[in-house]
Novice: 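Take a look at the following structure, please.
Small disclaimer: the values here were computed from a predicted structure and weren't measured. In each ligand, atom 1 is the first atom listed, and ligand 1 is the first ligand listed. Side-chain atoms are counted along with the backbone in the values below, which use heavy atoms only and exclude waters and symmetry mates.
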Amino acid sequence: MNEYLRCAHAAVDLLARYASDSRDGVGPVTSRPDPDALAAELELGRWIRQGGMDETAFAAWLPRYLGATVRLHHPGSLAHQVAAPSDGAALADLIHGVTNNPMAKYEMGAGAAVVEREVVSWMLDKVGFGADAGGGVLTHGGSIANLTALLAARARVAPDAWVAGVPSDLALLAPRSVHYSIKRAAAILGLGEQAVIELESDDLERVRPDRLHSALGRCVQAGRRPLALVATAPATSTGLHDDLRPIAEFCATHGIWLHVDAAHGGSALLSAHDRKLLDGIEDADSVIWDAHKMLRTSALCAAVLVARESDLPAAFRQEASYMFDDRETVGFDLVDRALETTKAALGTKLFLSLAWAGEHGLGEYVSSRYELTRRFYDGLCEEPGITCPYVPESNILCFRVDGHDQLDLREQVLDGGQLHISSTTIDGRQYLRLVVTAPTTSDDTVGQLIEALREARGRTAVIRTPRPAPAAARRSS
Ligand SMILES: Cc1ncc(COP(=O)(O)O)c(C=O)c1O
């Protein structure tokens, strides 16, 4: 056996034990050592400068690295929108790590290219665009997918922008709750953040379809043309969905490009119970959908999908003789529709995740996490002094512990080592936040969280004059 094989076997053994221990709740769920102490512990300086790592040193080093990870397979992993990768998806990373076929050009990776084409077609069917009419490409993450979709929208409204620069009268209609990558895209696209005109929202930051005309009125009054209107399914902070059907009708009536950021919630299209949350998505012009959130692939694997196939190539008007030519040849290239030139074999992760669980299995997984989040809601609402401002629609849930600093409480919970939770603000107010993603998280975890919050409350100072809760929070308490 050569050294690579022996090291790979050692890595697979250690990683399999790591995942299995994590699933059993062994080990702290998250680790936050001092960065300099960690760099020293991992002997990074020495290895970088001297090299020479061999099988024995590697087998000693990897467990120390794993000790400084967030254990996403752990039942107490409740903080962020990242998947505990399925076994199939994890194997895809191993395959890519060895074969390294960047496949945006067919001749550079036929297998990976065909796999990507097929999973994108499958996603187009699920969204309702249809694989024949629609088009899409996988990107390295939802932020790039959002940027690509808005670039396509820009090409529709201002076809000369690629060559002549961006007209100064373009605007983006989007709610305040929109993911920051949308505003970042507005800046990158040359519109500037000031060109984002805010849609009116309710107390829980959902778009108010009955107030869309007011945003359009403000846009026209400012002498601007809407480039696109962005809706979210669901919002990153709350996990609540914008009502896509009336929003799509408004956009169709006014000829506005509708972009749906379904980075998180697109996967609910596979759930018989929850796909109704995305009703109307099929009438969008573009959609993004991250497989690395709820389809159990490792980061990164996101899709940008458009209703009309030609809209993606229209977004890019590039010439480069070493990548683009008109000669008829076998296969197809993706370089005319992707922001990235060198693109990893992203489709293989999603394909192998699907190949293991099937679309039905992944749909059941999504339903089960959404349903369990409703049980977190029930459990937390029964606890005196805890307020959940809404019934969760997805696997994201926010809550507050009255009379305490939420961030202090979070620190206490994290210090316990068995639960990882996050925080956010809604309408300017601080909340604790759960994202129920790990397949091993169960009803036992609900009890564990409540117990941890009781203990944390005992250790953090009581705030004597809490601010009044917003109307929506009071209603459900
Ligand atoms: C709604 C939404 N859109 C876009 C993104 C950005 O996706 P990525 O982190 O893959 O770039 C996120 C990430 O959390 C998100 O929640």
Novice: For atom 4 (C) of ligand 1, tell me which residue out of V82, D261, I144 has the closest non-hydrogen atom.
Specialist: D261
Novice: May I ask you to check whether Y18 and T69 show a side-chain donor-acceptor distance below 3.5 Å?
Specialist: yes
Novice: Identify the protein heavy atom lying closest to atom 9 (O) of ligand 1, giving its residue, its atom name and the separation to 0.1 Å.
Specialist: K293 NZ, 3.8 Å
Novice: Out of T236, I182, I396, whose heavy atom sits nearest atom 15 (C) of ligand 1?
Specialist: T236
Novice: Can you find a non-hydrogen atom of H80 under 4.0 Å from ligand 1?
Specialist: no
Novice: Between S422 and R433, does any side-chain donor sit less than 3.5 Å from a side-chain acceptor?
Specialist: yes
Novice: How about CZ on F399, more than 12 heavy atoms from neighbouring residues, nucleotides or ligands closer than 6.0 Å, or not?
Specialist: yes
Novice: Using the side-chain hydrogen bond (donor to acceptor under 3.5 Å, both in side chains) criterion, which residues pair with S237? Sequence neighbours excluded.
Specialist: T424
Novice: Checking the N or O distance criterion of under 3.5 Å, is ligand 1 in contact with S181?
Specialist: no
Novice: Within the 4.0 Å heavy-atom shell around G141, which atoms of ligand 1 are there?
Specialist: 10 (O), 11 (O)
Novice: Between Y106 and F332, how do the two ring planes meet: parallel, tilted or perpendicular, split at 30° and 60°?
Specialist: tilted
Novice: Does the N or O separation between A263 and ligand 1 drop below 3.5 Å for any pair?
Specialist: no
Novice: Given side chains that start at C-beta, do those of Y370 and S271 come closer than 4.5 Å, heavy atoms only?
Specialist: no
Novice: Return yes when atom CG of D210 has more than 12 non-hydrogen atoms of other residues, nucleotides or ligands closer than 6.0 Å, and no otherwise.
Specialist: yes
Novice: S353 and T297: side-chain donor and acceptor closer than 3.5 Å?
Specialist: no
Novice: Mind checking whether D290 contacts ligand 1 via backbone (N, CA, C, O), side chain (CB onward), both or neither, at a 4.0 Å heavy-atom cut-off?
Specialist: side chain
Novice: Below 4.0 angstrom from a heavy atom of H292, which ligand 1 atoms are there? Numbered from 1 as shown, please.
Specialist: 10 (O)
Novice: Return the closest protein heavy atom for atom 6 (C) of ligand 1 as residue, atom name and distance.
Specialist: H179 CE1, 3.4 Å
Novice: With respect to S143, determine whether any N or O atom, backbone or side chain, lies less than 3.5 Å from an N or O atom of ligand 1.
Specialist: yes
Novice: Between H264 and ligand 1, does any nitrogen or oxygen pair lie at a separation below 3.5 Å?
Specialist: no
Novice: Check whether the ring centres of H254 and H213 lie less than 6.0 Å apart, and answer yes or no.
Specialist: no
Novice: Atoms of ligand 1 less than 4.0 Å from Q81 heavy atoms?
Specialist: 14 (O), 16 (O)
Novice: Could you tell me which atoms of ligand 1, counted from 1 in the order shown, lie closer than 4.0 angstrom to a heavy atom of G142?
Specialist: 7 (O), 8 (P), 10 (O), 11 (O)
